[in-house]
Amino acid sequence: MRYQNTLRLICLTYAVMSALAITGCGETSQIDDEVAIPANAPASESDDSTSQTDALQEETDAEESIAAESAEDANIHVVAVGDNLVQQYVYQSAAAHAENGETYNFDYCYENIKPLICGDLNIINQETLICGDGFEITGSNYNFNSPTELGDAVIDLEFNVITMCNNHLLDKGESGLSACLNYWDAQMTAHPETLVCGVYRDYVDMQQIRTKEVNGKTVAFLSYTENTNGYSLPENSELEIIYTAQEDLIEQQIATANEIADVVIVTCHWGNEDTYTVTDGETELAQKIIEWGADVIIGTHSHVAHTMEYLTRSDGTQGFVFYSLGNFISAQTDNFNLIGELADFDIAVDADGSVTIENVQVSPVITHYDDGSLSNLRLYPYSMYSDELASQHGLPYCTSSTGASYQEWSMAKIQEMFQTSVPEEFQKWD
């Protein structure tokens, strides 16, 4: 679409002229023989040729207006967070705060962070499946299925781009993934402003690049995962998941996305868990994805906040990669798992079609719970956190898989870990 506006206008105008020549401007309807006008009847004073001309002009004016708007500069404000990892203690906390006949109240878990979800695009990785009726609610042992109330809460938080392409897609098998797609399809019908992406119904569906119109520009979304925990779809399955190893397909999808969209955003679920280290495979693939024409890469999966940077293409232009935003919410028990990143940035689209990523700011999001039972689990932005809250965190009483050094918790420790991940130029504390 970056270079297609003029061509689209010509094609649409031709289509309108053709339609008018064949059927006129209005919808086709049945006409009784008694009131039908013979084909050889003389034109009356109320001949509709003028109205057809007027209608054609209106259509042309409208298309010119669209083209002019698309040719203007635009700015798209984006907010993105990492893994919405709804483990058992997360939904148990939501259940403990349910009232008025509710089964779960996830608003309690997220309410402190809600004011920060304020972009034109608000993007989240929904790490756990939401399969609906017939599937057990689970949140441990790499087997996740969350209550449907979670999806309601995510939409109520005003996340309008939800990617589900991650390593837990097949936790409930092919039937669970299909049911999850059904759930999100129903949500998109009920909430047309919401786009859920990352898995396809079949090969034909995979050719349909997901897009969203924002401030007069078209934004395309593509999603890839490194693995699905060793599970795979049956050979006869029609469902399609795209893996990061399928580079030819990724390059093809990005090229197609650039033909129909002004901006291309790619999400990648990749890398190693529980480490600050970005792998060589991530950096190499990130450079390729940007070179192929993506504008932004949003990484997830590590459960630890990772670094970010501008990447330069061979033509001198740049894209941007967040290697991993870490967790949004989780019930993990090592300190580096409890600090995620909230990315806030602008996508500037110039009239000539060029795209730049500007005003990148990243702030800490903290998962807090009160004791060793992980009770009252909830999120805080760093701006709301305090020494007093830090001293009350349940983390020091939990069993750590990585040793005592990962049980340290204080405002100073939060700052230290965040600064390990985020370059100073992108840090936002207030």
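Just so you know, these numbers use all the heavy atoms, side chains as well, and skip hydrogens, waters and symmetry mates.
- For the side chain to side chain donor-acceptor pair (under 3.5 Å) condition, the pairs that include at least one residue of residues 421-430, sequence neighbours left out, are Gln427-Trp429, Lys428-Asp430.
- Rounded to the nearest 0.5 Å, atoms CG (Leu85) and CZ (Phe328) are 12.5 Å apart.
- Checking Gln208 against Tyr200 by side-chain atom types alone, no donor-acceptor pair falls below 3.5 Å.
- Between Arg313 and Glu291 there is no salt bridge, since no side-chain nitrogen of the basic residue lies less than 4.0 Å from a carboxylate oxygen of the acidic one.
- Distance check, rounded to the nearest 0.5 Å: CG of Asn337 to OG1 of Thr367 gives 9.0 Å.
- A side-chain donor-acceptor contact under 3.5 Å links Thr138 to the backbone of Asn143.
- Taking a cutoff of 4.0 Å between a charged side-chain nitrogen and a carboxylate oxygen, Glu238 and Arg201 do not qualify as a salt bridge.
- Applying the side-chain contact (heavy atoms from CB on, under 4.5 Å) criterion to Asp107, with sequence neighbours excluded, gives Asn105, Ala153, Asp156.
- No donor-acceptor distance shorter than 3.5 angstrom exists from the side chain of Asp350 to the backbone of Gly353, with no hydrogens or angles considered.
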Kindly determine whether Lys114 and Glu111 satisfy salt bridge (Lys or Arg N to Asp or Glu O under 4.0 Å), including the steps that lead there. CA-CA 5 Å; Lys114 186 173 183 177; Glu111 62 185 357; over 6 Å; no

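- No donor-acceptor pair under 3.5 Å is formed between the side chain of Asp370 and the backbone N or O of His393.
- Annotation: Phe135, atom CZ; neighbour count of heavy atoms from other residues, nucleotides and ligands within 6.0 Å is above 12.
- Within a 6.0 Å radius of CG in Asp315, more than 12 heavy atoms belonging to other residues, nucleotides or ligands are found.
- For the pair Arg210 and Asp205, the salt-bridge criterion is met [side-chain N within less than 4.0 Å of a carboxylate O].
- Partner of Asn166 under the side chain to side chain donor-acceptor pair (under 3.5 Å) criterion, out of Asn125, Thr225, Asp83: Asn125 alone.
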